[in-house]
Structures are given as C-alpha cells and as structure tokens.
Amino acid sequence: MSSCRKRCKRELLKFAQYLFRFITGTLNADSVEDELELSAARHRPEALEQLEAQTRFSRKELQILYRGFKNECPSGVVNEDTFKEIYSQFFPQGDASTYAHFLFDAFDTDHNGSVSFEDFVMGLSILLRGTVQEKLNWAFNLYDINKDGYVTKEEMLDIIKSIYDMMGKCTYPTLKEETPRQHVEIFFQKMDKNRDGVVTIDEFIDCCQNDENIMKSMQLFENVI
Amino acid sequence: MAAGVATWLPFARAAAVGWLPLAKKTMPKPPVDKKSRNDEILFVNVSGLRFQTWKNTLDRYPDTLLGSSEKEFFYNEDTQEYFFDRDPEMFRHILNFYRTGKLHYPRQECIQAFDEELAFYGIVPDIIGDCCMEEYRDRKKENQERLAEDTEAENATDTPLPPHSTSRERLWRAFENPHTSTMALVFYYVTGFFIAVSVIANVVETVPCRPPKGSKKDLPCGEKYTLAFFCMDTACVLIFTFEYLMRLFAAPSRCKFMRSVMSVIDVVAIMPYYIGLVMPENEDVSGAFVTLRVFRVFRIFKFSRHSQGLRILGYTLKSCASELGFLLFSLTMAIIIFATVMFYAEKGTKGTNFTSIPASFWYTIVTMTTLGYGDMVPNTIAGKIFGSICSLSGVLVIALPVPVIVSNFSRIYHQNQRADKMRAQQKVRLARIRLAKKGTTNAFLQYKEEGGFQGRGSDNALCLKNRSSFEHQHHHLLHCLEKTTNHEFTDELTFSEMCMTESVGYRTSRSTSISSQQGVATSCCPRRAKRRAIRLANSTVSVSRGSVQELDTLQVHKTSAGPQSRSSLNARTEDLKLNCEDRDFTAAIISIPTPPANTPDESLPPSPAIPGILRNSRPTSFTHETVKISSL
C-alpha cells in the first residue's frame, strides 16, 4: 500500500514539473532528476555478520549466495518481471508467471515491490533451515494472497490454478477444467475442520502436523544449498 | 539453459515447499549430491597467463568445454591447474562470458581467429550480445564475401546447369541471365534494339514532316508515312508479344510472374496495339484510342531489364516513398493555404486571372517552385505582399525536405538492412530458445523413462549418463511438480495423439453435433479442433466395411499388448511394434464412423485401448521408432 502511495506522489510531482516546464518553455532539463532516481535503485545489503545472525546460513554459504545473487542482479534487488523470467526458465512447458507472482509476494516481506538480498536470504533460511512450524507458516503465507490470516476457497483456487498452469498443456492425463476445483475441494475437506469456508493458520498447521506424508516431505529440501 | 539459472535453482527448489501441503501424491526423493558444497577457486593457465575464477562461475554453462567435465582432460596435476595452449588474449573474452553472461566481440581481433577460439571452447557464436552482434555479423559477412570473391575469381565461368534440366528451365535461365548462351545474348540484344526502334518511332511519328504536294498544312510524319510506321509498330509488337509469351511459358511460377512489375510493363506496352486493331474506325472511340497510344511510351520502361541503374533508381524511389509522400503533403498544404489567400486578395480586381481557388493553385505552384511563368500576376498590394511571402516560403518548403529526404533515405536504407538482420536474428534466437525448452523437456522425459527417479544407486549408474547435478536437481523439481498435481509431462507428439483419440472416444459415445464436438475438442486442442470440425462437416457419416475393420484391428492391438500397468509399458518398449504405414491421423478419424447412437457400448472399448497403445509411442519415439496408426 505504501509503495503505491509513494509511486502516486512521484508521478504527480513529475507531471507538475512537466507542466511547469511546458509553460516556461525550457527544453530538456529532466536528466538530473532521472539520474537521481536511478541511483536510488541500487541497494547494498546489510553486513555479513548481521545476516549471519538473522539467518541460519553459515558465513561461507552466505558468501556463495550473495555472489550468485549479485551476478544476476547487479543493482542488488530483483523486481517482479525479472523474478518471473527467472522462475519461468525452470518450467519450459507451462506458464509459471502467475505462481511466480505469488512467490514474489511471499518473498517480498516488506511489500516494496522488489526483493532485496535480505528478503531473499531470509526466505531461503526459513525454507531450507527452518523448523517445520516455520515452513508451514511460510506456506500458509504464500497461500494467503491478501495476507489477512485466512485462506479462502478463491485464494486457494488461484494458487492451485497457477500451479497447474506451470504444467502446461502437454500433460498426461490431459488437464480438464474442473481439475483445479476438485483439488481445492480435496484440500478444504482435509484442512477446514470447522467447515466455515476458510482455513486459518492454526487449522492448517494442525492438519499438516497430523498428516504423515506432509511431515515426511518437509525434510526433502534440506540440503539444497 | 540461460545464464545464471544455475544460481537460482536452489531458490526454485526451496520455493517448492509451497507445493508440499497441496500434493496429491508423495514427493520423490531428492537426488544425492555427493560433492562438497564449498566453492573453490580454479586456476586456469592459458599459455602462461594465469587466470583465476570460482568454480561456480565456470559451472554456469555446463555445455561448454570449461563448464563440463571436458576440462579435466586439460588438468595438470603437477601444477594443480588447467593448462590450455591457446591465445591468452582471446581467453580473456571467453572468461568474461562466463562471468557476465554476455559474449563480446573484440573489434581488433580477426574474425576467423575468434571463431576458432569459440569453436574450441564449445561456445556458440549466437550468444554474442546485441552490442557486438552487428559488428560481428558484418565482419563475418565481409570475410565470407572476400573469400568467396577469391574463389569466384579462380573459376570465372558461371555455374553449369544441373544436368537434367528441362528445356523450360533452360529457357527461363536464358531469359534471366543472357550471358549464359549466345542465343540468349542475341535475343537480348535484338529485343533491346527493337525497344529502341519502337520508342524512336513513337517520337518521330509526331514530328512535322514536309507536307505532301498540294496542301499547305504541315503534317506529322506519322500521318504522312502511315503504312511505314504501321509496319514498324507491328514488327515491334510481334517481337514483344513473342518475348512475353516465351517468358510466360518458361516462368517457374506463372502467377508470380504475371504479378511482377516487368510483366505488367510488358502487357501495358503491347495492349494498345491490339486494342487498336480490334477497335472500329469510329469517331467517338478514336479519342479514347488516342489516349491509349500514350501507353506505348511505357515501352521505354522495358529498358530496365537491360539496365541495372534503372532498377536501382526504381528501388530507391520505392523505399523513399514515405519521405516523398511527406514532401508532397506539405507542399499541398502550403499550396492550398496560399491559393486561398491569393484568391481572396485578388478577388476585387477586374479582369483578374484568379477566377477561383483551383485557378490560383497554378499561380501558387509556379511561384513556390520559383518558376515564375508570369501568366498570372497579382495586381493588388495585398496580393503582391502575399505573393512574395509565397515565393519565399516556396524556397523553404522545397529546399528543406530535400536534404532530409536524402539523409533519410540513406538512414532508412541502412536501418532496413539492420531491421532485416535483427528480425532474422530474433527468429534464430526464438528458435534456439524453443529448442532449448524442448531439449529440457525431452531430457526430463528421458530421465523419467530411464527410471532415474526410482532412486536406484550404483546399478543404474550406466543408464544415467553424465548428467550434471544441476540436471538431477532440476528433474527432481519437475518431478515434484508432477506429484503435486498428479499429472505427468508429455511431449507434443504424444499429447496431440491423445487429443485426437480422446475426441474420437467422445465422438463415438455421443451422437454427433458439430458444436458439441467443437466444444470438447477446443478444450484440449484448439489448434486441431478447427481442422477437425471442418473435416467432420464434410465427411459422410456412413459405416463402411473397411472402417469397422479398422476398429477391429485397433482392438486386436490392444489384446496383443495384454493387460499392462504403466510402468511395465515403460519397460517393454522393444516388444511392442505396431505395423504402420503412413501417418494420416485425421484420415483415421474421418474413416472411423459414428455408429448409430444406440450402440455406445461397443464403441467405448476402443477408446481406453488407444491411450494404452499410445502410451507406448512416447518411449518408442525416444528409441527412434515412430509409431503410427494405420489409416484406411
């Protein structure tokens, strides 16, 4: 929300400047402001010690992660389009952009429209080295699109549709229209204990902890880094 | 895969935690990564110049020499470094490619040396970044042309005709390249001569000759020596007609030939004569006939076949058309404005020439182009003032666009060349990306088929060839996605086959209505649905003997395969060989008819059988045996 307001203010300012320049007839005097704007987009992460304290990665691992990150994004932040592009490369058959959008929202914890190295590394720390509770928390946060603490059927449907989109067209068996909806029904039947149409974080965590398959699979991605 | 993707794979895999609560099936085991995770600095010695880089940097491009295990061949144990006996200056650029992901072309290097280095290190030149791509291409083309010129100078003769060309092809070739045979050359010069004769005759026949005896008036030569001119005209037109018909006959594509500019000119050049022949000697139509004779002057354009320069001029004008259009438009605007002003300024004067605004157009044009005939002059003071403004602005309006046009032309010409090159480059790039995507998918499907995901250890080591750990992890990720959604990835071929059979199954189980057919088909294969719908509309729905036979053979195939689970289908790929002739799938659909709606039962069995059979086609396509359904 705050990023939206900031952007609005910036646009209004630019328009006022343009009007002024139009009336007074000055030529191109806007390069200075643009350059200032550009330099603000460069981002320097916090110190290595601080990140080491905040995440569960070792120093060496943080170094490797940062070198890779900085090589890909020299400005220090990833914006949503780059994020979508990167994520789409892993799923050549389908369209990963919708799911990438949800992922981006999940990683961008301060909701400023870009993922900095801290966001990136904190997210990875939870996903790879966190407790089961933290991981489930993160997953719930991913499903809760509007971040209000409840996962409704519509939100779940969006998420599941985006996952099915990643599969693409050429699947066996062929994807039918009602497959995502059925999947949502199955999920809600399992998770929504009090049948109120929404899943809260406690219901979610309780259910997952009772499900053996889910608990086993949480250990899957431990040694990714 | 593109640059730096390897860096993001851990992130993509971590994000897969989001799928875990939703998964329909249990997730597969992750691949075991035996290597240590620590990054290390590698030493690369290129002819004495030592480079150091992280191992991860080189691992970014696993299909090049430095990124794959191929570099182990160059490892020197004594000095603990990789030694390459190549150009150290060039290696700097190669290494920068790994570091930044963009390959730059060093302008001071020889293009061929650069190409050789790229080939040695296994880097495809298409990856050169946009900043250097144009330079690279230009230099490469120049180099190729230079080499081609040398070889061409060695064998100065033209390429000989392919041995078994028909007379038609030979004729066409003779027309297009006159210097290939003496006959063609003779014909070329003869036609050129006759074009000249015809044009000169057209000109001369209007010159006034001395009048014949007994008349005062000067007569144009055409009317004095009518017969002579008529004979000459006839001869020329005969030659032109003959040439045109010969070209039409010899053209490889007649439609295209008839639409080309030169053939249109030919037709326009000879039509007036024939129209004149058939037209009666009538006073009313002879006026129109006279205007037709004007078109005879178009014969001069036939010279463009003989002159390269004319062709270039024509092309220049065509490519510069928008600029000329702009000039014309601005002139028109100025003319209209000034004509209006002059008309109203001179309106009061008695006996003025400026009778209307269109009449003032003539004055404006003559003044603006600084011709100044003097047949129309303003008399009033206001008229003179505006007239002088008009002539001044005329100089500006005409003088200004001309250099702009000239420079525009040169810029647009080069830009066009560049745009064409870029478009071709873009196409190549997209094709490469598509190929890479398909390659990834195929690699994944092959990985599945070879049982890679079953987590067997050393006994499967031979089957899982030297696949990098990156690929292992990527395939694991895709496999997790499959398990989450309980659907599997297939390739396009299998998918399109399944689409067709699914729609067949639907078709035989309901009574046909094209709209419902379309509804089903569009949901899975929108591209093929239209074609199929059209074909269905055209096909006659009748049960023929042969088609029932077809159904039976399909049934037979099912029973020969036996009851199978999917995994065993995967294993027994060689056992199942369906005899197939040609692959006309759509024909198969047409010929399998709709049985009447009261027998849905017997039509249902084929459809589940077909997916079972088709399931085999995926693995067999990898062992390069194409599986086809026999068509009627």
Side-chain angles (χ1 to χ4, degrees), chain A residues 60-61 63-65 67-69 71-72 86-87 89-93 99 102-103 106-107 120 123-124 127-128 135-136 138-140 142-143 159-160 163-164 166-177 179 183 186-187 191 204 207-208 211 213-214 216-218 220-225, chain B residues 1-24 26-27 29-30 33 37-39 54 56-57 99-101 436-438 440-441 473-474 477-478 480-482 484-492 494-496 498-499 502 523-524 611 615 618:
Chain A
K60 259 209 147 91
E61 287 167 338
Q63 282 178 336
I64 296 179
L65 277 173
R67 282 203 296 263
F69 186 84
N71 241 320
E72 293 312 304
I86 293 171
Y87 201 68
Q89 291 184 357
F90 293 106
F91 303 98
Q93 282 208 318
Y99 188 70
F102 294 133
L103 263 186
F107 267 87
F120 181 67
L124 273 188
L127 287 173
L128 300 177
K135 289 185 194 175
L136 290 172
W138 189 90
F140 186 82
L142 174 70
Y143 303 149
I159 297 268
I160 289 198
I163 295 183
Y164 276 94
M166 282 199 285
M167 289 293 292
K169 191 167 56 87
C170 301
T171 57
Y172 173 75
T174 33
L175 279 177
K176 313 245 183 348
E177 284 288 321
T179 317
H183 202 152
I186 296 173
F187 178 76
M191 300 281 165
F204 182 70
C207 250
C208 290
D211 186 334
N213 276 336
I214 297 183
K216 239 193 322 190
S217 57
M218 284 288 171
L220 217 55
F221 297 105
E222 299 270 276
N223 55 346
V224 159
I225 297 278
Chain B
M1 273 226 185
V5 162
T7 332
W8 294 94
L9 184 63
F11 154 73
R13 299 185 69 210
V17 167
W19 304 336
L20 297 179
L22 302 173
K24 281 187 170 168
T26 49
M27 291 291 172
K29 282 213 266 293
D33 198 18
R37 279 267 148 221
N38 288 331
D39 209 359
W54 291 109
N56 276 357
T57 312
R99 292 183 184 132
T100 60
K437 285 195 174 171
K438 226 191 284 187
T440 323
T441 319
Q473 292 168 0
H474 187 220
L477 182 66
L478 291 174
C480 285
L481 183 59
E482 284 189 342
T484 311
T485 56
N486 202 16
H487 285 67
E488 287 190 9
F489 286 110
T490 59
D491 59 353
E492 281 219 15
T494 329
F495 177 67
S496 42
M498 275 194 298
C499 238
E502 268 195 29
S523 67
C524 76
R615 208 57 187 77
R618 191 179 45 79

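Chain naming here is simple, since letters A, B, ... match the order of the sequence lines and numbering starts at 1 in each.
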Sequence-distant partners of B/Glu482, side chain to side chain contact (heavy atoms under 4.5 Å, CB included), two or more places apart = A/Met167, B/Phe444, B/Lys448, B/His479, B/Glu488, B/Phe489
query = Parallel under 30°, tilted from 30 to 60°, perpendicular over 60°: which one fits the rings of A/Tyr99 and B/Trp19?
reply = tilted
inquiry  = Once side chain to side chain contact (heavy atoms under 4.5 Å, CB included) is applied, do any residues pair with A/Cys208, and if so which ones, sequence neighbours excluded?
reply    = A/Leu136, A/Met191, A/Phe204, A/Ile214, B/Pro21
task = Look at A/Phe69, A/Phe102, A/Phe91, A/Phe187 and state which one has the largest set of heavy-atom pairs under 4.5 Å with chain B.
result = A/Phe91
request  = Pick one of side chain, backbone, both or neither for B/Thr485, based on which atoms fall under 4.5 Å of a heavy atom in chain A.
outcome  = both
task = Mind running side chain to side chain contact (heavy atoms under 4.5 Å, CB included) on A/Phe107 and A/Trp138 for me, showing each step along the way?
result = CA-CA 9 Å; A/Phe107 267 87; A/Trp138 189 90; 3.6 Å; yes
note = Ranked by heavy-atom pairs below 4.5 Å to chain A, first place among B/Leu22, B/Leu20, B/Thr26, B/Val17 goes to B/Leu22
